[in-house]
Amino acid sequence: MKLNSAAIQLLASVAIIMLTTNTVAQPLPPAFSRIQPDTFGGNMGLSNAWGDYDNDGDLDLVVAFKTGDVRLYNNELGGFTNVGPVLGLPTDGKERRAIAWGDYDGDGYLDLYIGSNRQGNELFHNDRSQGFTEVTEELGVGIPQVSTRQISWVDFDNSGSLDLFVADRVGPNVLFRNVDGKFVEVGTELGLADPRATVGACWFDYNRDGRLDLFLANQGTGKDALYRNDGDTFTDVAAELDMEGGARERGDGGVDCTVGDYNNDGNFDLFVATYGINKLYQNNGSGSFEEVSSAMGIEGNDHMVGASWGDFNNDGRLDLFAAGYHDEDGLRSPHDRLFQNLGETFEELDLDKTALNGGDHGVQWADFDGDGDLDISLTEGYNIAGRHPLVRNELSRETARQSLQVSVSDQDGVLNRAGAEVRIYNKQGDLLGLRLINTGDGYNSHSNKPVHFGLPGYDTVTVEVTFLARAGRQTQRYENISLAEYRGSSFHVLQH
């Protein structure tokens with residue numbers, strides 16, 4: 001049968017319409033590429049954390065492995081080299097599954113706390129980037145029987161020095177107060193020795209009273225917790241705020257949590273990755289939360305393990321990456337999910353057969369190459385043939401440059417103000433975004449890094465940093481900050 005010209009034109013039009021419709025309905029996955037696949041090919045990686053251990057201005061990466069190896073990848077000249085063995089970090093032995101950077105002694109160099117599974121934790125002092133010396137017994141922070149999950153270096157009492165929180169999967173959680181460089185366990189007397197199976201822990205000032213509060217993602221039948229910091233004690237208010245996580249079976253429960261202002265209203269929201277139904281708690285700004293995972297398109301019923309917020313496309317809205325796995329008759333395979341923030345809702349992008357489908361535990365965003373967009377480190381702990389991929393964001397140069405990074409330090413220039421808040425405004429005074437100086441997320445990890453803002457269409461902005469101090473919430477404001485001036489670096493705010 002021959003078609004006349006009108007019929008041919010009609011079929012061509014239908015094909016174009018179908019192609020256009022499919023393109024709109026099926027957005028292309030984001031452009032990411034894996035770098036140094038051989039270097040980042042080792043299996044059984046669990047936790048990963050970013051920090052500039054040698055103070056050379058770029059972020060280095062540490063990864064803890066189930067095999068006991070702790071690899072410290074030095075970021076130098078655009079490439080990464082494992083310098084852990086040379087600097088004295090462990091290379092085998094007991095299972096090490098949690099890791100956190102924090103300058104506990106304020107000497108200007110990031111120290112490293114490593115958590116194990118019931119075989120004792122370790123604290124390594126950074127000897128001015130020339131090596132790491134274990135000081136665990138000297139400082140009394142080993143906790144022999146703890147099954148460590150989330151570690152957080154935070155100043156919970158606003159004393160100006162870093163305290164240490166350790167979540168325990170099999171026993172009471174532990175909180176050490178830093179007293180003149182020595183650590184004293186105070187969790188029991190302050191009401192934080194929660195015996196439930198804690199895996200995720202997020203510190204943030206949810207009610208704006210000037211003190212860091214603590215959310216706990218608890219596994220199994222134990223409910224989640226939100227401990228309000230009352231100064232001389234902590235009070236669990238999760239029940240009254242309806243944030244306990246709902247009914248659970250033995251194999252369900254919270255695994256990780258991550259804090260971010262996804263709707264740019266100036267209040268911190270909270271995502272909880274679970275074995276079961278994920279939770280997204282929207283902060284109403286009045287000290288209360290509303291669970292909106294279904295309404296916002298972030299839910300699912302699977303095994304989500306690690307999660308972290310990050311604006312991967314620099315459009316000014318926080319997106320969410322959640323790493324996890326499918327479990328089919330005991331066979332586990334990675335199941336990674338990237339939710340793009342569209343403003344009114346989230347859309348899950350298809351990561352199948354992309355560079356981003358490669359983790360089941362650790363998730364850590366960071367602009368490791370200084371080009372203005374967020375790259376990502378992942379770990380895969382369950383697959384014996386797995387890896388711990390480092391993935392570069394391939395945004396266009398123009399789009400990547402539409403961003404600003406902000407780093408925050410104390411009066412001495414030490415980058416240890418975890419829990420401080422950074423807000424960005426335009427010239428008209430409109431809020432463009434809010435970020436939390438990291439207190440730990442992404443599965444048992446605490447990175448020490450600048451916060452990142454995508455700022456499309458802006459050349460100059462106002463930066464506002466809120467510190468939590470003995471006198472309460474203290475804000476410092478800086479106007480007419482040029483994005484171009486800080487490309488490849490960060491705008492540094494020193495606490496007054």
Side-chain angles (χ1 to χ4, degrees), residues 29-50 59 61-67 69-71 73 80 82 95-99 149-150 199-200 217 255-258 271-275 278 298 300 302-310 312 319-328 331-340 348-368 374-394 438 440-447 449:
F32 285 80
S33 62
R34 289 182 182 161
I35 72 163
Q36 297 181 236
D38 291 338
T39 301
F40 297 100
N43 64 349
M44 295 192 182
L46 292 170
S47 301
N48 46 344
W50 294 98
L59 289 172
L61 176 67
V62 65
V63 182
F65 289 78
K66 203 169 187 177
T67 59
D69 197 2
V70 177
R71 301 186 189 178
Y73 293 104
F80 288 84
N82 178 21
E95 175 183 315
R96 294 178 171 92
R97 65 159 51 237
I99 205 149
R149 295 307 190 262
Q150 182 64 54
V199 180
V255 184
D256 189 38
C257 56
T258 183
F271 175 78
V272 185
T274 73
Y275 288 175
N278 296 325
I298 297 180
D302 206 345
H303 298 83
M304 291 294 102
V305 179
S308 189
W309 297 100
F312 79 87
D319 311 296
L320 179 68
F321 194 100
Y325 62 92
H326 291 302
D327 190 346
E328 298 179 2
L331 296 177
R332 295 173 172 176
S333 60
H335 178 205
D336 295 328
R337 309 180 70 184
L338 177 56
F339 298 96
Q340 182 177 347
E348 184 170 0
L349 302 182
D350 184 6
L351 301 185
D352 187 39
K353 298 179 181 179
T354 72
L356 289 175
N357 189 26
D360 57 24
H361 275 69
V363 179
Q364 290 290 297
W365 297 100
D367 181 12
F368 72 77
L374 285 177
D375 314 296
I376 194 166
S377 165
L378 304 171
T379 68
E380 187 177 359
Y382 282 145
N383 191 341
I384 194 69
R387 55 231 182 252
H388 52 292
L390 181 55
V391 188
R392 176 183 282 126
N393 193 338
E394 303 291 358
N438 191 274
D441 69 358
Y443 189 73
N444 301 353
S445 302
H446 188 179
S447 291
K449 60 185 179 180

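Computation of the quantities below employed the complete heavy-atom set of this structure, encompassing side-chain atoms and omitting hydrogens, waters and symmetry-equivalent molecules.
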Point-to-point distance, once rounded to the nearest 0.5 Å, from [atom1] of [X] to [atom2] of [Y]:
X	Y	atom1	atom2	answer
R97	H361	CZ	NE2	5.5 Å
L356	L378	CG	CG	7.0 Å
N278	I298	CG	CD1	8.5 Å
T39	R387	OG1	CZ	14.5 Å
K66	R96	NZ	CZ	15.0 Å
T67	N43	OG1	CG	7.5 Å

(message) Go through it in stages, so that I can follow the logic: the residues are Y275 and D302, the test is side chain to side chain contact (heavy atoms under 4.5 Å, CB included), and I'd like the CA-CA distance, side-chain angles, deciding distance and then a yes or no.
(response) CA-CA 6 Å; Y275 288 175; D302 206 345; over 6 Å; no

(message) Counting C-beta onward and ignoring hydrogens, is there a side-chain heavy-atom pair between Y443 and R149 closer than 4.5 Å?
(response)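 A side-chain contact exists here, since the closest heavy-atom pair is under 4.5 Å.
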
(request) Please tell me if the side chains of V62 and V70 come closer than 4.5 Å, counting only heavy atoms from C-beta onward. (result)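 Yes, at least one pair of side-chain atoms sits under 4.5 Å.
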
(request) Determine, for F65 and R71, whether the Lys NZ or Arg CZ falls below 6.0 Å from the six-membered ring centre while staying within 45 degrees of the axis. (result)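 Yes, R71 and F65 form such a contact.
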
(message) Side chains of H388 and N48: any donor to acceptor distance under 3.5 Å?
(response)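 Their side chains do not contain a donor-acceptor pair, so the 3.5 Å distance test is not met.
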
(message) Checking D441 against Q364: is there a side-chain donor and acceptor pair closer than 3.5 Å?
(response)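 Yes, D441 and Q364 have a side-chain donor paired with an acceptor closer than 3.5 Å.
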
Under 3.5 Å, side chain of [X] to main-chain N/O of [Y], donor-acceptor pair present?
X	Y	result
N357	D352	no
D256	A273	no
Q150	S445	yes

Closest approach of [X] and [Y], non-hydrogen atoms and distance?
X	Y	answer
G358	D336	N-OD2, 2.8 Å
P334	H326	O-CD2, 4.4 Å
I99	A64	CD1-CB, 4.1 Å
G386	E380	CA-OE1, 3.4 Å
I376	L390	O-CD1, 3.6 Å

(request) Apply side chain to side chain contact (heavy atoms under 4.5 Å, CB included) to the pair W50 and N438, showing each step before the final yes or no. (result) CA-CA 11 Å; W50 294 98; N438 191 274; over 6 Å; no

(request) Decide if the gap between the ring center of F321 and the ring center of F312 is smaller than 6.0 angstrom. (result)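 Here the rings of F312 and F321 have centres that are no less than 6.0 Å from each other.
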
(request) Might you work through the side chain to side chain contact (heavy atoms under 4.5 Å, CB included) test for L61 and F368, ending with a clear yes or no? (result) CA-CA 9 Å; L61 176 67; F368 72 77; over 6 Å; no

(request) Mind telling me whether Y325 and Y382 have parallel, tilted or perpendicular rings, with 30° and 60° as the class edges? (result)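 Perpendicular.
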
(request) Go through L46 and N444 one step at a time and tell me if the side chain to side chain contact (heavy atoms under 4.5 Å, CB included) criterion holds. (result) CA-CA 8 Å; L46 292 170; N444 301 353; over 6 Å; no

(request) Could you tell me whether R392 and D375 have a side-chain N and a carboxylate O separated by less than 4.0 Å? (result)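 Answer for the salt bridge query: no.
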
